Amino acid sequence: MRPLLRDLPLDQFPDLLRSRGHAAYRGRQLAHWLFEQDAFTWDAMSNLPRAARDDLAAEFDVAGLSPLEKLVGSDGTRKYLFALRDGHTVESVIIPMEAHATFCISSQVGCAMACRFCATARGGLVRDLTRGEIVEQVQRLRRELAADPFPQHGDRQFNVVFMGMGEPLDNLPAVTGALDTFVAETGLAMSVRRIQISTSGPRHGLPQLGTLRHPVGLTISLGGADDAARRKVMPVSGRAGVDEVLAAAEAHAARSGRTVTIAWVLIADRTDDAAQAETLARRLAGRPFKVNLIPLNELDDDPLRSASNARVLAFQDVLRRAGVPATIRVSGGRDIAAACGQLRRRRLQRDAVALPEPPADTRGDESHQT
Ligand code: SAH
């Protein structure tokens with residue numbers, strides 16, 4: 001695949017056209033079309049000479065994503081499946097919040113972390129997304145929102161969360177590059193306050209949290225309050241002990257000045273018992289953390305069930321009594337398979353119907369069924 005223009009660091013744009021014999025200000029025009037006008041075609045860049053566009057088109061692609069499917073949930077959540085240039089697919093979601101929209105974007109096609117409860121984990125990691133593919137998701141969603149804003153939000157403001165497919169700390173160069181583009185004045189000019197990275201905290205990625213150039217918000221998906229419990233539901237990320245993960249998260253809180261969110265998926269009989277709640281409360285109390293409790297979004301073909309409402313409330317109560325702030329997440333788009341990886345998985349399954357069954361010993365999913 002050729003590079004995307006949006007894969008480039010922003011400081012390369014002035015030289016990009018100058019080095020090809022065009023006036024330097026053409027580079028600024030190009031960046032304007034790309035990042036301010038959300039242009040996804042060469043034709044859209046009307047004031048850029050045809051010769052300049054042709055020179056660039058010989059080396060770069062201007063779009064990396066094309067819309068494949070759009071689903072709208074009863075709560076207004078819009079879920080998009082985008083085709084990449086190599087035929088793989090990624091999901092991005094627009095979730096209406098009270099005062100703004102949240103864009104939930106992907107950092108990888110698939111994921112290597114193998115979390116038991118996650119649909120994205122089922123096919124393993126296919127490939128990393130590039131910086132430009134990450135940036136383009138936000139721009140495509142921004143354009144969708146501008147064309148069809150939520151009536152309750154006047155200002156079309158949006159937050160960006162890396163809670164779609166993939167593990168951001170497993171693809172950090174592209175993710176940090178995308179963050180640079182998000183916050184730069186000549187990029188998307190977003191406030192860093194509006195950006196949140198969510199990570200399962202894999203051991204190999206944890207030290208890199210300290211290298212983030214921007215004080216983004218951080219969510220840690222924990223899944224277990226002690227090492228053994230964590231490893232059971234998060235076999236790869238669970239290799240980083242709970243102490244290690246919380247210490248890295250606390251250091252990020254100190255650096256960024258922002259409270260870190262601990263995401264806890266509540267699975268019946270796995271992660272919803274009072275003992276885990278007590279242990280979690282003890283570990284978090286008095287530290288710069290708040291907890292977001294997420295009742296499991298059940299997958300069609302998996303026996304794991306969501307914790308009951310009573311258990312969710314009891315879990316929250318234990319945390320609150322220990323002085324740990326804890327909210328319960330109402331998941332957007334339940335009726336349209338909006339949990340990470342579900343839409344892509346459903347489409348892969350539908351496409352697979354037409355293919356011959358693989359021999360039993362090569363079927364990929366069984367190892368994830370618990
Ligand atoms: N890899 C990153 C970001 C993607 S997952 C991470 O782990 O944080 C984003 C969030 O969705 C995580 O908090 C994860 O625990 C949660 N999640 C994944 N599958 C889920 C499901 N079936 N139901 C509820 N939450 C789920």
Side-chain angles (χ1 to χ4, degrees), residues 77 79 90-93 95 102-125 128-129 134 137 160-172 174-175 195-206 208-209 216-224 230 232-240 245 248-249 252 260-268 270-272 290-307 312 327-334 336-346 368-370:
T77 296
K79 178 145 196 170
V90 281
E91 298 179 6
S92 324
V93 188
I95 306 161
T102 292
F103 294 174
C104 178
I105 60 166
S106 297
S107 57
Q108 296 177 313
V109 182
C111 186
M113 297 303 119
C115 300
R116 291 277 187 260
F117 47 83
C118 179
T120 305
R122 298 307 174 80
L125 176 65
D128 286 334
L129 294 183
I134 296 172
Q137 288 174 68
V160 168
V161 299
F162 282 82
M163 293 188 190
M165 293 162 41
E167 170 45 58
L169 291 192
D170 210 25
N171 183 21
L172 206 59
V175 168
I195 304 172
Q196 181 93 208
I197 279 187
S198 181
T199 176
S200 61
R203 171 165 273 164
H204 61 272
L206 275 182
Q208 301 184 60
L209 269 180
V216 292
L218 179 68
T219 295
I220 299 275
S221 307
L222 203 59
R230 181 165 150 84
K232 265 189 215 153
V233 281
M234 303 175 71
V236 177
S237 292
R239 282 176 216 144
V245 175
H252 180 84
V260 171
T261 301
I262 305 295
W264 186 278
V265 179
L266 280 162
I267 309 169
R270 308 283 172 127
T271 64
D272 67 341
K290 59 179 185 236
V291 178
N292 200 344
L293 298 169
I294 314 168
L296 177 75
N297 206 329
E298 296 171 3
L299 309 182
D300 293 345
D301 52 354
D302 192 280
L304 294 183
R305 289 290 155 253
S306 173
V312 173
T327 51
I328 299 169
R329 185 190 294 171
V330 182
S331 297
R334 279 194 166 236
I336 53 164
C340 92
Q342 287 188 16
L343 181 61
R344 168 172 169 267
R345 182 164 161 76
R346 200 158 69 193
H368 299 297
Q369 310 272 339
T370 48

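All residue numbers refer to positions in the sequence shown, counting from 1. The model shown is predicted, which means the values in this text are computed figures rather than measured ones. As the structure lists them, so they are numbered: ligands from 1, and atoms in each ligand from 1.
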Undergrad: Less than 4.5 Å apart, any side-chain heavy atom of R270 and any of L296?
TA: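 No, their side chains stay 4.5 Å or more apart.
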Undergrad: Whether the side chain of R329 engages the backbone of W264 through a donor-acceptor N/O pair (distance < 3.5 Å, no angle test) should be reported.
TA: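 Not a single qualifying donor-acceptor pair exists.
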Undergrad: With heavy-atom distances below 4.0 Å as the criterion, list the atoms of ligand 1 near S200.
TA: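 Ligand 1 atoms under the 4.0 Å threshold to S200: 6 (C), 7 (O), 8 (O).
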Undergrad: Could you establish whether A119 and ligand 1 come within less than 4.0 Å of each other, counting only heavy atoms on the residue side?
TA: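 A119 does not count as a contact of ligand 1 under the 4.0 Å cut-off.
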Undergrad: Between T120 and ligand 1, which residue portion shows a heavy-atom distance shorter than 4.0 Å: side chain, backbone, both, or neither?
TA: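 The answer is neither.
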Undergrad: Within ligand 1, which atoms have a heavy atom of G166 less than 4.0 Å away?
TA: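 Taking each heavy atom of G166 in turn, ligand 1 has 1 (N), 2 (C), 3 (C), 4 (C) under 4.0 Å.
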Undergrad: Show me which atoms of ligand 1 lie under 4.0 Å from any heavy atom of L296.
TA: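 Matching atoms, with element in brackets: 21 (C), 22 (N), 23 (N).
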Undergrad: Is it true that a side-chain atom of R203 and a backbone atom of R239 form a donor plus acceptor pair closer than 3.5 Å?
TA: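 Side chain of R203 to backbone of R239, a donor-acceptor pair under 3.5 Å: yes, one is there.
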Undergrad: Rounded to the nearest 0.5 Å, what's the gap from CG on D272 to OG on S306? Could you check?
TA: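 Between D272 CG and S306 OG, I get 8.5 Å after rounding to 0.5 Å.
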Undergrad: From atom 12 (C) of ligand 1, work out which of S221, S106, P295, S237 has a heavy atom at the shortest distance.
TA: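 Shortest heavy-atom distance from atom 12 (C) of ligand 1: S221.
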Undergrad: Please classify the A263 to ligand 1 contact at 4.0 Å (heavy-atom distances, strictly less than): side chain, backbone, both or neither.
TA: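 The side chain, only.
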Undergrad: So if I count the atoms of ligand 1 from 1 in the order they appear, which ones are less than 4.0 Å from some heavy atom of G164?
TA: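 Every atom of ligand 1 under 4.0 Å from some heavy atom of G164: 4 (C).
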Undergrad: Less than 3.5 Å apart, any donor N or O on the side chain of T199 or E167 sitting next to an acceptor on the other?
TA: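 Looking only at side-chain atoms, E167 and T199 do form a donor-acceptor pair, the distance falling under 3.5 Å.
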Undergrad: Below 4.0 Å from any atom of ligand 1, is there a heavy atom belonging to G223?
TA: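 Distance cut 4.0 Å: G223 fails for ligand 1.
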Undergrad: Looking at E167, which atoms of ligand 1 are within less than 4.0 Å of one of its heavy atoms?
TA: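 Here the atoms of ligand 1 in question are 1 (N), 2 (C).
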Undergrad: Got a donor-acceptor contact below 3.5 angstrom from the T120 side chain to the C111 backbone?
TA: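 No: the side chain of T120 does not pair with the backbone of C111.
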Undergrad: Taking the minimum heavy-atom distance to atom 14 (C) of ligand 1, which of F117, F162, W264 ranks first?
TA: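 Looking at heavy atoms only, F117 sits closest to atom 14 (C) of ligand 1.
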Undergrad: Here's a test for you: under side chain to side chain contact (heavy atoms under 4.5 Å, CB included), which of L209, L222, I262 qualifies with V245?
TA: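 Of all the options given, the one that passes is L222.
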Undergrad: How close do A263 and T219 get, counting heavy atoms only, and between which atoms?
TA: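 Shortest heavy-atom separation between A263 and T219 comes out as CB-CG2, 3.7 Å.
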